[in-house]
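Data block below; observations after.
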Amino acid sequence: MSNVPSRVLVTGAAGRLGSAVLRDLAAHGVTVVGLDRVDPGTVDTFFFGSASDLDLVAKAMAGVDAVIHLAAIPAPDRGTPEDVFIGNAAATFVVLDQAARAGVTRAVIASSLSITGLPFAPHPAVPDYVPIDEAMPLQAADPYALSKQADEATAAMVARRDGMGVVALRFPKLGTPEFLTEYAAEYRVAPGAGANEVWSYLDMRDAATACRLGITAQFTGAHPLYLAAPETLSPYPTEDLLARYLPDVPRRVPLPGRAVPIDTSAATALLGFTPEHLFDITPAALGAS
């Protein structure tokens, strides 16, 4: 069973993911309120400004019954460390706190595989094991990863305090097929380039679907969830990539073929999410280094 909301606030509505979410919600007949610093031009009601602006967010919540919070500085090098951490953490707190005060009972927030601390690690870092799952210890050593931990702690707080159901979607590299083509080509030529993200990806359309499922599926509490396509963006066998580039990382299960070394079973179980848009890659053998 699912409960389809009638009016949804999307922050970061003009971003790459935000735009995909708007298209997905429109296709499902959902009325959308957008909030961003740029007008996407495709929403029923739009609020211009920052997701950390308390008064603006409070106004945007009027009549809303679900929130998809995507607004964020998306990497540690897109601003000062203070801007990245404080900006992201403050925006998530304002949005979820104001949502709770407005009586909203369901929210999705954009978390990231970067919460592991691996993609932007300032010093060499590897996962404790593969496949990566929600129980694996985090190794935040940059302000972006830390901001995502703060975001997820805020989600857990409103779930405890207000009974809000929240999912924090830990997205890998997101993109359209055209965008992903560049990385697939890079990983073919330089196989180790994707090791810090375990060669994972997700089509933007599937990411938008996951956001919608997060506000419609039946559950309670706060849940961090890893998402990824079932196969990597690399043409080479996953076991061979791990043996060469992450040789000391324990493997808890076999990873045949190009299986992604991320456990996405929690997202499947909670949301019924299954990626549908898979990047077409011709498999290849990993040659000698």
Side-chain angles (χ1 to χ4, degrees), residues 10-12 15-18 21 35-36 50-52 57 67-97 99 107-123 125-128 131-160 164-175 196-198 200-202 204 207-208 210-211 214-215 221-228 260-264 266-267 270-271 273:
V10 179
T11 72
R16 292 190 308 136
L17 178 54
V21 168
L35 189 153
D36 207 329
S50 170
S52 61
V57 171
V67 172
I68 299 176
H69 173 51
L70 308 176
I73 298 173
D77 58 357
R78 299 292 185 89
T80 67
E82 295 80 11
D83 288 339
V84 173
F85 176 75
I86 296 171
N88 288 352
T92 299
F93 180 84
V94 167
V95 169
L96 293 184
D97 185 59
V108 168
I109 65 171
S111 189
S112 172
L113 176 66
S114 298
I115 197 172
T116 59
L118 304 176
F120 298 112
H123 308 292
V126 299
D128 283 25
I132 292 169
D133 62 16
E134 291 80 6
M136 192 184 80
L138 305 177
Q139 304 176 47
D142 68 85
Y144 180 68
L146 188 62
S147 77
K148 291 306 173 183
Q149 286 190 245
D151 289 351
E152 293 191 8
T154 299
M157 183 273 289
V158 296
R160 285 191 297 268
M164 187 184 296
V166 190
V167 288
L169 300 178
R170 293 179 174 178
F171 292 117
K173 185 183 300 298
L174 299 180
N196 62 350
E197 297 178 286
V198 291
S200 60
Y201 79 96
L202 187 67
M204 198 70 76
C211 289
I215 58 172
H223 302 269
L225 301 172
Y226 283 110
L227 304 177
V260 70
I262 299 176
D263 183 350
T264 61
L270 190 72
L271 305 182
F273 174 69

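Looking only at side-chain heavy atoms (C-beta outward), Val260 and Pro172 stay at 4.5 Å or farther from each other. The shortest side-chain heavy-atom distance between Val95 and Leu35 does not fall under the 4.5 Å cut-off. Residues Ile115 and Gln149 form a side-chain contact, since some pair of their non-hydrogen atoms from C-beta on lies under 4.5 Å apart. You'll find the side chain of Arg78 stays beyond 4.5 Å of the side chain of Tyr144, heavy atoms only. Proximity of Leu118 to Ile132: side-chain heavy atoms (C-beta onward) are separated by under 4.5 Å at one or more points.
With rounding to the nearest 0.5 Å, the separation of OG in Ser50 from CG in Asp36 is 9.5 Å. Annotation: the span from Phe85 atom CZ to Leu146 atom CG amounts to 4.5 Å, rounded to 0.5 Å. Taken to the nearest 0.5 Å, the CG atom of Leu17 stands 9.0 Å off from the CG atom of Leu169. Atom-to-atom distance recorded for Met136:CE and Asp128:CG is 6.0 Å, nearest 0.5 angstrom. Taking CG of Leu271 as the reference point, atom SG of Cys211 lies at 10.0 Å (rounded to 0.5 Å).
When all heavy atoms of Ala75 and Val84 are compared, the closest pair comes out as O-CG2, 3.7 Å. When every heavy atom of Ala155 is checked against every heavy atom of Val166, the shortest pair comes out as CB-CG1, 3.7 Å. Between Met164 and Ala107, the closest heavy-atom pair is SD-CB, 3.8 Å. In this structure, Glu197 and Leu113 approach most closely via the heavy-atom pair O-CD2, 3.7 Å.
In this structure, Thr11 contributes its side chain and Ala71 its backbone to a donor-acceptor pair below 3.5 Å. Asn88 contributes no side-chain N or O that, together with a main-chain N or O of Ala91, makes up a donor-acceptor pair within less than 3.5 Å. In this structure a side-chain-to-backbone donor-acceptor pair under 3.5 Å is present from Thr80 to Asp83. No donor-acceptor pair closer than 3.5 Å links the side chain of Thr92 to the backbone N or O of Ala89. The backbone N or O of Tyr226 sits less than 3.5 Å from a side-chain atom of Glu134, completing a donor-acceptor pair. With hydrogens and angles disregarded, no donor-acceptor distance shorter than 3.5 Å links the side chain of Asp263 to the backbone of Pro131.
Contacts of Asp142 classified as salt bridge (charged side-chain N to carboxylate O under 4.0 Å, His left out), with partners at least two apart in sequence or in another chain: none. For Asp77, there are no side-chain hydrogen bond (donor to acceptor under 3.5 Å, both in side chains) partners at least two apart in sequence or on another chain.
The only option from Pro143, Ser111, Ser114 that meets the side chain to side chain contact (heavy atoms under 4.5 Å, CB included) definition with Lys148 turns out to be Ser111. For the side chain to side chain contact (heavy atoms under 4.5 Å, CB included) criterion with Phe273, the lone passing option out of Thr264, Leu225, Leu227, Val167 is Leu227.
With salt bridges taken as basic N to acidic carboxylate O contacts below 4.0 Å, one links Arg170 and Glu152.
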Full working for side-chain contact (heavy atoms from CB on, under 4.5 Å) between Ile109 and Thr154: CA-CA 10 Å; Ile109 65 171; Thr154 299; over 6 Å; no
